[in-house]
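Here the structure is a predicted model, which means the values were calculated and not measured.
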Amino acid sequence: MDLGLGNATVVVSGGSKGMGRAAAEVMAGEGARLAILARGLDALDATTAALRALGAPEALAIPTDLTDRAQVDAAFARIGEHWGELNVLVNAAGPTDVGIARRFNDVEDDEWHATFDIGTISAARCARAALPLLRKAAWARIVNVSAHSVRRQSPELVAYTAAKAALTSFSKNLSLTLAGDGILVNTVSPGSFLSDGMKEYLRSLPPERQIDPDDLHGVMRIIDEDFGHPSQLGRAALPAEIGPVIAFVGSRTNTYMTGADINVDGGSDF
């Protein structure tokens, strides 16, 4: 399917790893022009090289701390000077300790602030900075990557899930705000994916419980046991399995879906 992304201008915040990178790679293969915002220089360089090889020869890597408004504004100012307009903004950044079990009694005020800063407010910063460029484009989309756990709570992920729930609510409200501009805003909510945070969590387990991360059924067992999030398919997923979903939701082919929250969870009753 042609997603209508040829020569589209796309920014992916948190796009150097995981699901953000997976979405960027699909869009690069569709002929989009991409800019990736993230902090880690090595991951930025590796992702940019991959995107250029996939079909985005002018892919930009812009080192950006998404918790710093000045850096975010500067990144989008650079994008405006380079492209003049923007078709797609994907916000894929999330708390780095997503896979680490944190119960309510263990979360301090500074951790609440940090989790919401990157899990929710960073998307708002990027949307605010991108909006003038999105309004200049003939068509525009915003896709925010939330989490399935906002529907199926786990005591082990209290701050992370609260931040993602706020992101989902923000996205729904923004879809109402921007409907008159024809800018479609949606969230995509992944379930049990083998993210960097989940790999970190698996490595933190005692030796007798450690699972080979290539054993996706084994990973799913750990997720079910520790977080209460089983899937009907019985396995965890890879970031590459959600990239095409994010790309479609953010594409020109999506013409009528806005304010939606799309679950990609391997099957559940939620």
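- When all heavy atoms of Asp226 and Glu156 are compared, the pair lying nearest together is O-CG, 3.3 Å.
- Linking ILVMFWY residues whenever their side-chain heavy atoms come closer than 4.5 Å, directly or via other members, places Met257 and Ile242 in the same cluster.
- Distance alone, capped at 3.5 Å, is enough to place a donor-acceptor pair between the Arg152 side chain and the Pro230 backbone.
- Note on Leu205: it clusters hydrophobically with Leu216, by side-chain heavy-atom contacts below 4.5 Å among ILVMFWY residues.
- Residues Leu89 and Phe76 meet the side-chain proximity criterion, which asks for heavy atoms closer than 4.5 Å.
- Closest approach of Ser16 to Ala38, counting heavy atoms only: OG-CB, 3.4 Å.
- The side-chain hydrogen bond (donor to acceptor under 3.5 Å, both in side chains) test with Ser171 is passed by exactly one of Thr187, Thr258, Asn144: Asn144.
- Taken together through direct or relayed side-chain contacts under 4.5 Å among Ile, Leu, Val, Met, Phe, Trp and Tyr, Val90 and Val245 form part of one hydrophobic cluster.
- Checked by atom type and distance alone, the side chain of Glu111 pairs as donor or acceptor with a backbone atom of Glu108 at under 3.5 Å.
- Glu30 places a side-chain N or O within 3.5 Å of a backbone atom of Leu3 that can act as its donor or acceptor partner.
- Atom OG of residue Ser149 and atom NZ of residue Lys164 lie 8.5 Å apart, to the nearest 0.5 angstrom.
- At a threshold of 4.5 Å between non-hydrogen side-chain atoms, the residues Val219 and Phe193 do not count as touching.
- Legend: residues meeting salt bridge (Lys or Arg N to Asp or Glu O under 4.0 Å) with Arg151, ordered by chain and number and at least two apart, are Asp261.
- Checked options Asp73, Asp117, Thr120; the residue passing with Arg125 is Asp117 (criterion: side-chain hydrogen bond (donor to acceptor under 3.5 Å, both in side chains)).
- The salt bridge (Lys or Arg N to Asp or Glu O under 4.0 Å) check on Glu25 picks up Arg21, with sequence neighbours excluded.
- Within a 6.0 Å radius of CG in Asp42, no more than 12 heavy atoms belonging to other residues, nucleotides or ligands are found.
- No donor-acceptor pair under 3.5 Å is formed between the side chain of His229 and the backbone N or O of Ser192.
- Note that the CG atom of Leu44 and the OG1 atom of Thr47 stand 6.5 Å from one another [nearest 0.5 Å].
- Of the N and O atoms on the side chains of His82 and Arg78, not one donor lies less than 3.5 Å from an acceptor on the other residue.
- In this structure the side chain of Pro132 never reaches within 4.5 angstrom of the side chain of Arg135, judged on heavy atoms.
- Rounding to the nearest 0.5 Å places CG of Leu184 at 11.0 Å from CG of Leu174.
- Using modelled atom types, no side-chain atom of Ser169 and backbone atom of Ala165 make a donor-acceptor pair closer than 3.5 Å.
- Judged purely by atom type and a 3.5 angstrom limit, Ser231 has no side-chain atom pairing as donor or acceptor with the backbone of Gly267.
- Residues Val11 and Cys126 fail the side-chain proximity criterion, which asks for heavy atoms closer than 4.5 Å.
- With rounding to the nearest 0.5 angstrom, the CZ atom of Arg33 is 14.5 Å from the CG atom of Leu51.
- Residues Leu238 and Glu241 are in side-chain contact: their nearest non-hydrogen atoms beyond the backbone lie under 4.5 Å apart.
- To the nearest 0.5 Å, atom CG of residue Leu202 and atom CG of residue Asp215 are 10.5 Å apart.
- No path of Ile, Leu, Val, Met, Phe, Trp and Tyr side chains, each step under 4.5 Å between heavy atoms, connects Val150 with Ile121, placing them in separate hydrophobic clusters.
- The shortest side-chain heavy-atom distance between Met220 and Leu233 does not fall under the 4.5 Å cut-off.
- One finds the CD1 atom of Ile118 at 15.5 Å from the NE2 atom of His113 (value rounded to the nearest 0.5 Å).
- For Arg221 (side chain) and Ile211 (main-chain N/O), no donor-acceptor pair under 3.5 Å exists by modelled atom type.
- Considering only heavy atoms from C-beta on, Val145 comes within 4.5 Å of Pro190 through its side chain.
- Counting heavy atoms from C-beta outward, Leu60 and Thr48 have side chains that stay 4.5 Å or more apart.
- Remark: Glu58 CD is loosely packed, at most 12 non-hydrogen atoms of other residues, nucleotides or ligands lying under 6.0 Å away.
- Panel note: side chain Thr9, backbone Glu85; a donor-acceptor pair is recorded below 3.5 Å.
- Closest non-hydrogen pair, Leu133 versus Gly80, comes out as CD2-CA, 3.7 Å.
- Between the side chain of Asn186 and the main chain of Ala260, a donor-acceptor pair closer than 3.5 Å is present.
- For the pair Arg103 (side chain) and Pro155 (backbone), a donor-acceptor distance under 3.5 Å is absent.
- Between the side chains of Ser146 and Thr168, a donor-acceptor pair is found at a separation under 3.5 Å.
- Qualifying side-chain hydrogen bond (donor to acceptor under 3.5 Å, both in side chains) partners for Arg52, counting only residues two or more places apart in sequence or in other chains: none.
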